[in-house]
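Quantities reported herein were computed from a predicted structural model and do not represent experimental measurements.
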Amino acid sequence: MTLDYRWLYDTVRKRFESDEAMEAFLPKALTPDELKQKGDDRYLSAMSQRVFQAGMQHSVVDAKWPAFEDAFWGFEPEKMVLLSPEQIEGYMKNDRIIRHRTKLQTIPKNAQFILDIRQEQGSSFGEFIANWPSADIIGLWRLLAKHGARLGGRSGAGFLRLVGKDTFLLTSDVVARLVAAGIIDRAPKSQRDMQVVQGAFNELQQKSGRPLCHLSAMLSLSINPRF
């Protein structure tokens, strides 16, 4: 089974007053050059922000994030990797941030992950993210889940969306449209299912020329007009 891009476009376009309104609504991805220009502190900050967003209202975490930036010295990986268990305990007394010990413990772990990638690749973490092909974005999800701390499930894709890397999201509405189209018969769990989903997105991208984030949003809007 395949998804008909023309049907998808026409269905979503009806939700908006104009072409311009639809295009303005769709999420934006950064270019590879823009991703490379981001400092690795911004990637660690976004990883940490996504970890704290899991299971919480995102607006609550976002409102507290300036305090996190201040408390963690801008999330420089070289400094964050040195955080000791005693320092983490000290943060548990800071009422300006969200005091969740297990999530706080991911900060030095993900700092080490970033530094490991830098050493292995001989480049910045931003370059590594920028160069990863969108045709295998689930491979990047898999790497984040395996080597990052608490970046499995939806968190890996959520982190990529935060930093501006083009990715699709497997929300309940996106899954519902893929099921309705006969691409999958349930929420994807196995790597085989994930490959089928990636293939469907790759085909849509080839037909439309749109980034994955646009296609993901359009699939969602085709089910739920309020997104």
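- You'll find the side chain of H214 reaches within 4.5 Å of the side chain of P211, heavy atoms only.
- Judged by distance alone, with hydrogens and angles left aside, the side-chain atoms of K165 form a donor-acceptor pair with the main-chain N or O of I129 at under 3.5 Å.
- At a threshold of 4.5 Å between non-hydrogen side-chain atoms, the residues S155 and R150 do not count as touching.
- Side-chain atoms of S48 and F68, non-hydrogen and from C-beta on, never get closer than 4.5 Å to each other.
- The distance from the CG atom of L83 to the CG atom of L104 is 9.5 Å, given to the nearest 0.5 Å.
- Under the side-chain contact (heavy atoms from CB on, under 4.5 Å) criterion, A176 pairs with I223, not counting sequence neighbours.
- Under the salt bridge (Lys or Arg N to Asp or Glu O under 4.0 Å) criterion, D136 pairs with no residue at all, not counting sequence neighbours.
- In terms of modelled atom types and a separation under 3.5 Å, the side chain of R50 and the main chain of L162 share no donor-acceptor contact.
- Side-chain contact between L3 and L215: absent, with no pair of heavy atoms (C-beta onward) separated by less than 4.5 Å.
- Here the CZ atom belonging to R161 is positioned 11.0 Å from the NZ atom belonging to K28, to the nearest 0.5 angstrom.
- The two atoms that bring G156 and L144 nearest to each other are O-CD1, 3.8 Å, heavy atoms only.
- Taken to the nearest 0.5 Å, the CG atom of L140 stands 7.5 Å off from the OG1 atom of T167.
- Considering every non-hydrogen atom in both G152 and A145, the closest pair reads CA-CB, 3.6 Å.
- The CD atom of E127 sits 10.0 Å away from the CG atom of D33 when rounded to the nearest 0.5 Å.
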Would you list the atom pairs, donor with acceptor, under 3.5 Å between side chains in residues 112-119 and any protein atom, with sequence neighbours excluded?
unit_1: Q112; atom_1: NE2; unit_2: D116; atom_2: OD1; d: 2.8
unit_1: R118; atom_1: NH1; unit_2: D40; atom_2: OD2; d: 3.1
unit_1: R118; atom_1: NH1; unit_2: E78; atom_2: OE2; d: 3.4
unit_1: R118; atom_1: NH2; unit_2: E78; atom_2: OE2; d: 2.7

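- Not a single salt bridge (Lys or Arg N to Asp or Glu O under 4.0 Å) links K146 to another residue, sequence neighbours left out.
- I184 approaches D193 most closely through the heavy-atom pair CG2-O, 4.4 Å.
- Within the structure, ring-ring contact (aromatic ring centres under 6.0 Å, His included) pairs that include any residue of residues 142-167 do not occur (at least two apart or interchain).
- Residue V81 is not grouped with residue W73 when hydrophobic side chains (ILVMFWY) are merged at heavy-atom distances under 4.5 angstrom, including chains of intermediate members.
- In this structure, the separation between CD on Q198 and OG on S134 is 7.5 Å, given to the nearest 0.5 Å.
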Using a 3.5 Å cut-off and no angle test, enumerate the donor-acceptor pairs between side-chain atoms of residues 59-67 and protein atoms at least two apart in sequence or in another chain.
unit_1: D62; atom_1: OD1; unit_2: Q49; atom_2: NE2; d: 2.8
unit_1: D62; atom_1: OD1; unit_2: Q53; atom_2: NE2; d: 3.0
unit_1: W65; atom_1: NE1; unit_2: S45; atom_2: OG; d: 2.9

* Going through the checks in order, is the salt bridge (charged side-chain N to carboxylate O under 4.0 Å, His left out) test met by D41 and K79? -> CA-CA 10 Å; D41 57 305; K79 292 181 179 178; over 6 Å; no
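- By the 4.5 Å heavy-atom criterion applied to side chains, Q191 and R142 are counted as neighbours.
- Proximity of L221 to F25: side-chain heavy atoms (C-beta onward) are separated by under 4.5 Å at one or more points.
- Contact record, A130 with P32: CB-O, 3.5 Å, taken as the closest heavy-atom pair.
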* Asked: For V179 and R186, what are the C-alpha separation, side-chain angles and deciding distance, and is it a side-chain contact (heavy atoms from CB on, under 4.5 Å)?
  -> CA-CA 6 Å; V179 170; R186 63 189 183 283; 5.7 Å; no
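- Every salt bridge (Lys or Arg N to Asp or Glu O under 4.0 Å) that K207 has, sequence neighbours left out, goes to E203.
- Using a 4.5 Å heavy-atom threshold, the side chains of V197 and I138 count as separate.
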* To do: For I107 and I88, run side-chain contact (heavy atoms from CB on, under 4.5 Å): C-alpha distance rounded to whole Å, both residues' side-chain angles, the deciding distance at 0.1 Å, then the answer.
  => CA-CA 10 Å; I107 296 174; I88 296 295; 5.7 Å; no
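- Salt-bridge check for D10 with K14: failed, with every basic side-chain N at 4.0 Å or more from each acidic carboxylate O.
- Remark: R210 pairs with E23 by the salt bridge (Lys or Arg N to Asp or Glu O under 4.0 Å) rule, at least two apart or across chains.
- Residues meeting the ring-ring contact (aromatic ring centres under 6.0 Å, His included) test with Y9, sequence neighbours left out: none.
- Distance check: L178 CG to D173 CG gives 11.0 Å after rounding to the nearest 0.5 Å.
- In this structure a side-chain-to-backbone donor-acceptor pair under 3.5 Å is missing from S216 to L212.
- Residue pairs meeting the side chain to side chain donor-acceptor pair (under 3.5 Å) criterion with at least one member in residues 95-108, sequence neighbours excluded: D70-R96, E89-R101.
- The backbone N or O of A135 lies less than 3.5 Å from a partner atom in the side chain of N202, making a donor-acceptor pair.
- Pairs of residues two or more places apart, or lying in two chains, that qualify as ring-ring contact (aromatic ring centres under 6.0 Å, His included) and include a residue from residues 163-211 are W141-F168, F168-F201.
- Between F72 and Y91, the distance from one ring center to the other falls under 6.0 angstrom.
- A donor-acceptor distance shorter than 3.5 angstrom exists from the side chain of S222 to the backbone of L219, with no hydrogens or angles considered.
- Using modelled atom types, no side-chain atom of Y43 and backbone atom of K38 make a donor-acceptor pair closer than 3.5 Å.
- A donor-acceptor contact shorter than 3.5 Å is absent between the side chain of N110 and the backbone of L44.
- Not one N or O on the side chain of R154 forms a donor-acceptor pair closer than 3.5 Å with the backbone of L169.
- Evaluation of the ring-ring contact (aromatic ring centres under 6.0 Å, His included) rule for W132 yields F128 as partners, not counting sequence neighbours.
- Contact between G164 and L35 at its shortest, heavy atoms only, is C-CD2, 3.9 Å.
- Closest approach of P188 and M194 over heavy atoms only: CB-SD, 3.7 Å.
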